[in-house]
Amino acid sequence: MSEAIPVTRAVDHGTAKLMPDVDRERAWLLTVDGAPQSYVDLDAPAHLEFEYVRRLGYVLDTVGEAGRALDVVHLGGGALTLPRYLAATRPGSRQDVVESDRGLLELVVEHLPLAEGSGVALHADDARAWLEAAPDDAADVLIADVFGGSRVPAHLTTLAYAREAERVLRPDGIYLANLADAAPFGFLRSQLATFAAVFEELVLIAEPGVRRGRRFGNAVVVASHRAVDTAGVARRAAADAFPARVEHGRGLQEFIGSARPVQDADAVPSPEPPDGAFGIG
């Protein structure tokens with residue numbers, strides 16, 4: 001078999017690079033402008049390399065009965081890591097992936113094609129515009145992992161956006177978001193306050209070093225109207241090679257403190273990561 005070689009291409013929002021993993025035969029890392037976006041192993045779609053993606057996976061695994069097909073909306077596509085994961089672990093799922101960078105989608109489909117009959121539909125569109133046009137009560141899960149460069153776009157941080165997400169989800173549906181911040185956590189607190197205004201249940205999953213303000217990093221937010229299996233998620237997150245803590249209830253309310261929901265007029269993108277926070281090479 002010929003050796004895999006890196007692929008570099010100018011896409012709509014930067015320069016994308018697909019780099020083969022020397023340790024796994026058909027595994028690839030996707031970066032955009034040097035920032036890691038996705039990792040995919042075509043031979044093992046249930047393998048989740050990035051820590052924050054594993055945390056999203058731990059929550060996804062608790063939704064309904066194990067293996068039950070789900071209707072899922074993904075805002076942000078990357079290399080389609082989680083759509084592949086769900087197609088493998090929950091066959092028959094119907095998934096919509098919304099990615100604003102058409103060139104990136106084309107690159108991924110060309111070099112890392114989806115399996116036949118994956119049930120994944122791809123949409124080159126703005127995440128919020130697509131969501132606003134989506135029908136009510138259409139999804140069991142909505143996953144937001146959208147970064148313009150290395151920042152969450154401002155229009156995907158607001159109360160109006162959160163209400164659209166809640167509308168598209170079924171009453172027992174679950175919202176998941178990958179965010180990034182550092183102490184004093186002005187952005188993360190405002191996001192938690194925003195989703196607490198719309199959903200009854202709220203959970204935060206983050207590494208202790210990030211949560212204690214020692215460094216910039218990812219945080220997973222979970223929001224729903226039904227109780228989340230926090231004990232089950234906490235066990236798996238704690239046992240991970242990069243352990244994370246699960247917070248909810250009173251402790252999370254204290255963390256939110258006086259933060260207020262974000263209005264469209266006041267919205268700002270997530271903070272710029274410090275140099276080297278997410279870079280490769």
Side-chain angles (χ1 to χ4, degrees), residues 56-57 59-78 80 82-87 89-102 105 114 118-148 152-179 190-204 220-230 233 248 260-267:
L56 292 168
V59 179
L60 289 170
D61 290 348
T62 70
V63 180
E65 306 80 38
R68 177 169 71 86
L70 300 172
D71 293 334
V72 183
V73 172
H74 303 261
L75 303 181
L80 311 175
L82 283 173
R84 298 174 203 267
Y85 176 81
L86 286 167
T89 60
R90 294 176 178 269
S93 292
R94 294 184 300 182
Q95 303 187 71
D96 288 289
V97 177
V98 186
E99 168 58 60
S100 65
D101 193 322
R102 182 182 297 274
L105 272 183
L114 290 160
S118 65
V120 178
L122 306 178
H123 311 274
D125 203 349
D126 174 77
R128 182 157 164 185
W130 190 92
L131 199 63
E132 288 171 348
D136 296 358
D137 301 330
D140 300 305
V141 181
L142 196 162
I143 305 167
D145 187 8
V146 184
F147 284 79
V152 178
H155 69 303
L156 303 181
T157 68
T158 70
L159 189 58
Y161 161 75
R163 287 177 174 146
E164 285 298 312
E166 193 268 350
R167 178 188 63 78
V168 171
L169 283 166
R170 295 183 176 128
D172 62 347
I174 190 163
Y175 176 88
L176 293 164
N178 172 43
L179 304 175
S190 74
Q191 288 306 283
L192 289 163
T194 299
F195 281 86
V198 177
F199 292 93
E200 292 150 42
E201 299 287 337
L202 210 59
V203 178
L204 176 66
V220 168
V221 171
V222 187
S224 70
H225 289 304
R226 64 167 180 83
V228 177
D229 180 10
T230 50
V233 173
H248 60 103
R260 305 292 300 162
V262 177
Q263 304 298 327
D264 276 348
D266 308 319

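Everything numeric here is computed off the predicted structure, so don't read it as measured data.
Once rounded to the nearest 0.5 Å, the distance linking CG of Leu86 with CG of Leu56 reads 10.0 Å. Remark: Leu202 CG to His248 NE2 distance equals 11.0 Å, nearest 0.5 Å. One distance of note links CG of Asp140 with CG of Leu70; it measures 5.0 Å at 0.5 Å rounding. Put simply, CG on Asp145 and CG on Leu179 are 9.0 Å apart, with the number rounded to the nearest 0.5 Å.
Electrostatic pairing of Arg170 and Asp71 counts as a salt bridge here, judged by a charged N lying under 4.0 Å from a carboxylate O. Using a cutoff of 4.0 Å between basic side-chain nitrogens and carboxylate oxygens, Asp264 and Arg128 are scored as salt-bridged.
No donor-acceptor distance shorter than 3.5 angstrom exists from the side chain of Arg84 to the backbone of Ser118, with no hydrogens or angles considered. Under a 3.5 Å cut-off, the side chain of Gln191 and the backbone N or O of Thr157 do form a donor-acceptor pair. Under the 3.5 Å distance criterion, the side-chain polar atoms of Ser224 are left unmatched by any main-chain donor or acceptor of Ile174. Put simply, the side chain of Glu99 never gets that close to the backbone of Leu105: no donor and acceptor are under 3.5 Å apart.
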**OP:** Test Leu60 against Ile143 for side chain to side chain contact (heavy atoms under 4.5 Å, CB included), laying out the working first.
**Re:** CA-CA 10 Å; Leu60 289 170; Ile143 305 167; 4.0 Å; yes
**OP:** Any chance you could lay out the side chain to side chain contact (heavy atoms under 4.5 Å, CB included) test for Tyr175 and Glu166, step after step, and finish with the verdict?
**Re:** CA-CA 8 Å; Tyr175 176 88; Glu166 193 268 350; over 6 Å; no
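Under the rule for a salt bridge (charged side-chain N to carboxylate O under 4.0 Å, His left out), Arg163 has no partner lying at least two apart in sequence or in another chain. Checked against side chain to side chain contact (heavy atoms under 4.5 Å, CB included), Pro153 has the following partners two or more places apart in sequence or in another chain: Val146, His155, Leu156.
Dense packing is recorded around CZ of Arg68, with more than 12 heavy atoms of other residues, nucleotides or ligands lying under 6.0 Å away. At most 12 heavy atoms of other shown residues, nucleotides or ligands fall within 6.0 angstrom of atom CZ in Arg94.
Of all the heavy atoms in Arg167 and Glu132, the pair that sits closest is NH2-O, 3.5 Å. Listed here is the closest heavy atom pair of Asp137 and Pro171: OD1-CD, 4.1 Å. The two residues Gly57 and Tyr85 have their closest heavy-atom pair at O-OH, 4.2 Å. Closest heavy-atom contact between Pro83 and Val120: CB-CG2, 4.1 Å. The two residues Ala69 and Ser93 come nearest to each other via the heavy atoms CA-OG, 3.5 Å. Considering all non-hydrogen atoms of both residues, Ala154 and Thr158 come closest at O-CG2, 3.7 Å.
Using bins of under 30°, 30° to 60° and over 60° for the plane-to-plane angle, the ring pair Phe195/Tyr161 lands in the perpendicular bin.
A side-chain donor-acceptor contact under 3.5 Å links His74 and Gln95.
Looking only at side-chain heavy atoms (C-beta outward), Leu80 and Leu122 come within less than 4.5 Å of each other. Looking at heavy atoms from C-beta onward, Val63 lies in side-chain contact with Val141 at the 4.5 angstrom threshold.
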